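Nothing here was measured: the structure is a model prediction, and the numbers come from that model. In what follows, chains are A, B, ... by sequence order, proteins preceding strands, each numbered from 1.
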Number of protein chains: 2
Amino acid sequence: MSGKRNLIRSGTTVDQMVRAISDRIVTGFLRPGEKLDEASLAARFDVSRTPIREALSRLSAMGLVERRPNRGATVAVVTQEHLASMFESMAELEAICARFSAERMTAGERRTLEAEHQASARFVQLGAEEEYELFNTEFHTRLYRGAHSKHIYELTVMTRGRLAPFRRAQFMLPGRLAQSWQEHDAIVTAIMRGDSAAAGTAAKDHVSIVSEASAVFAIGDRPKGRTEPFPTSAS
Amino acid sequence: MSGKRNLIRSGTTVDQMVRAISDRIVTGFLRPGEKLDEASLAARFDVSRTPIREALSRLSAMGLVERRPNRGATVAVVTQEHLASMFESMAELEAICARFSAERMTAGERRTLEAEHQASARFVQLGAEEEYELFNTEFHTRLYRGAHSKHIYELTVMTRGRLAPFRRAQFMLPGRLAQSWQEHDAIVTAIMRGDSAAAGTAAKDHVSIVSEASAVFAIGDRPKGRTEPFPTSAS
DNA sequence: GAGGCAAAAAGTGTATGCAATTGCTCCGGC
DNA sequence: GCCGGAGCAATTGCATACACTTTTTGCCTC
């Protein structure tokens with residue numbers, strides 16, 4: 001009743017539903033294991049069941065909800081173990097990307113990577129977390145692209161997307177910005193040297209540290225009812 | 001018209017459509033880049049557009065078709081490069097699984113792995129390709145499970161599923177059975193020793209060789225109109 | 001004759017209604 | 001008192017109808 005969808009910014013209806021539902025899951029408004037009734041959701045957002053169904057499909061593919069035929073959908077229960085497993089995978093994937101980047105990046109790609117990385121030092125000095133976070137995403141994307149392997153890229157981006165809800169607060173920790181830059185520096189240096197092994201381990205360590213900083217934010221541990229909006233797409 | 005769906009064995013209608021369409025893609029009856037019109041497909045299989053749409057969504061998630069909003073779906077064009085990228089990813093993923101298996105498998109898992117592997121030697125002697133192929137799938141699944149990392153497992157199984165259409169003929173090559181067993185043996189030996197590095201490289205090499213044997217079978221290279229049935233699910 | 005605009009046709013996206021499956025409750029039997 | 005089955009309610013799956021977007025086609029203008 002209260003959900004007037006013409007207020008929410010556009011895109012196809014399904015996209016809106018995906019955003020709306022994933023937001024409610026990620027913010028803890030919908031608790032893990034909770035049943036997602038199609039009719040209720042449709043009524044809640046004032047749309048028909050059709051886009052809800054498709055949204056649930058997509059969310060299922062994203063790993064945020066689980067669907068069983070003829071039995072409806074529930075909010076995915078992400079255990080501490082599963083979360084750890086995802087971070088672990090992320091570390092391995094980033095390591096692969098870094099290794100491949102060290103071997104395969106073109107001269108131009110290397111130049112840009114290094115230049116942008118050096119430029120980001122400014123954000124660290126200023127303590128500009130917002131801007132650094134933005135750069136950070138771009139930095140990693142550059143690494144994924146540099147691997148020159150479309151499928152690795154897809155796997156990595158997908159995994160990052162699944163992890164996005166859990167890593168929001170990583171730069172809140174004091175000194176994290178400077179440390180992150182140092183870790184990036186190790187990766188960049190190794191890549192510039194073409195040292196794939198070093199690049200791989202540096203990348204893996206980088207993610208592992210982020211992992212530890214974020215592990216506290218498992219969905220199940222979050223208090224109910226948080227409603228502030230934030231982007232769920234990791235871009 | 002000709003598509004009597006009550007003859008096709010059961011499961012939900014969407015499942016049938018997924019099977020039917022993916023079969024037609026994989027057998028080359030539907031060519032890469034070809035437009036998939038929802039209405040036509042619905043008429044062809046004598047169902048409504050609703051399950052067709054959901055099937056296309058799933059196939060899109062599987063990577064077999066590509067969808068663009070408001071512009072319909074097309075059969076995914078898998079280039080030689082993309083295929084190589086998938087095999088490369090597969091090699092890396094299997095390497096990770098093997099490494100983790102070497103480190104984390106329980107005593108029971110190791111015992112079973114070794115026992116089953118030894119038992120499979122019999123299939124090699126007999127030249128029982130069918131049975132060996134079945135065992136082979138199970139062997140690799142055991143490896144993925146042994147990594148004790150749910151997300152790595154998911155990524156690996158997903159990638160294997162995407163590759164399944166392209167690796168059918170790998171055991172047709174003469175001597176491939178025996179060679180495959182030898183490669184498995186190297187992996188198993190390393191895992192039993194707990195030598196994760198050796199297990200990783202052995203697994204990577206194993207996949208790389210399979211990759212070379214299968215690379216010829218890119219979808220684009222296949223003649224049109226092949227209709228013999230074969231399983232599309234990699235189980 | 002070429003380019004562009006507009007209207008119609010084709011096709012996707014969404015809504016609604018009906019069929020089928022699941023899970024539950026209630027009744028009867030052991 | 002407990003277990004099992006039949007009927008019923010609730011919910012998902014599928015079909016059909018309608019709305020909107022995109023693309024094509026044909027006409028008009030330059």
Atom-to-atom span, [atom1] of [X] to [atom2] of [N] - whole angstrom:
| X | N | atom1 | atom2 | answer |
| --- | --- | --- | --- | --- |
| E66(A) | dT12(D) | CD | P | 16 Å |
| D37(A) | dG13(D) | CG | C1' | 14 Å |
| R53(A) | dA15(C) | CZ | P | 14 Å |
| E54(B) | dG13(D) | CD | P | 7 Å |
| I52(A) | dA15(C) | CD1 | P | 9 Å |
| E38(A) | dT16(C) | CD | C1' | 14 Å |

Notebook entry, point to check: Taking the nucleotide of DNA chain C with the closest heavy atom to each, which residue, T50(A) or R68(A), is nearer the 5' end?
Noted result: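 By nearest-heavy-atom nucleotide position, the 5'-most residue is T50(A).
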Next item on the list: If a protein heavy atom is under 4.0 Å from the base, mark B; if only from the sugar-phosphate, S; if neither, -; do that for nucleotides 17-22 of chain C going 5' to 3'.
Entry: B---SS
Item checked: K35(B) side-chain N/O to dT12(C) phosphate OP1/OP2 under 4.0 Å ->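 Indeed, a polar side-chain atom of K35(B) lies that close.
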Check: Just to confirm, is there a sub-4.0 Å distance from OP1 or OP2 of dT16(D) to any side-chain nitrogen or oxygen of S48(B)?
Finding: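 Negative; the distance criterion is not met.
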Quick one: side-chain contact (heavy atoms from CB on, under 4.5 Å) partners of [X], sequence neighbours excluded?
| X | value |
| --- | --- |
| A128(A) | F123(A), L126(A), E131(A) |
| R142(B) | T112(B), L113(B), E116(B), E138(B) |
| T50(B) | S48(B) |
| S85(A) | H82(A), S89(A), S149(B), K150(B), H151(B) |

Next item on the list: Check every strand shown and say whether R67(A) touches a base, only sugar-phosphate, or nothing at a heavy-atom separation below 4.0 Å.
Entry: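 The answer is sugar-phosphate, as R67(A) gets under 4.0 Å only of primed atoms, P, OP1 or OP2.
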Item checked: Check: L155(A) and T159(B) side chains under 4.5 Å, non-hydrogen atoms ->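 T159(B) vs L155(A): side chains touch.
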Next item on the list: Under the side-chain contact (heavy atoms from CB on, under 4.5 Å) rule, what do V18(B) and E54(B) come out as? Steps first, then yes or no, please.
Entry: CA-CA 9 Å; V18(B) 168; E54(B) 189 170 337; over 6 Å; no
Check: Does the dT14(C) base have a donor-acceptor partner in the side chain of T12(A) within less than 3.5 Å?
Finding: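 No pair found.
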Next item on the list: List for me each residue that meets side-chain hydrogen bond (donor to acceptor under 3.5 Å, both in side chains) alongside R145(A), sequence neighbours excluded, and say none if there are none.
Entry: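 Listed in chain order: Y153(A).
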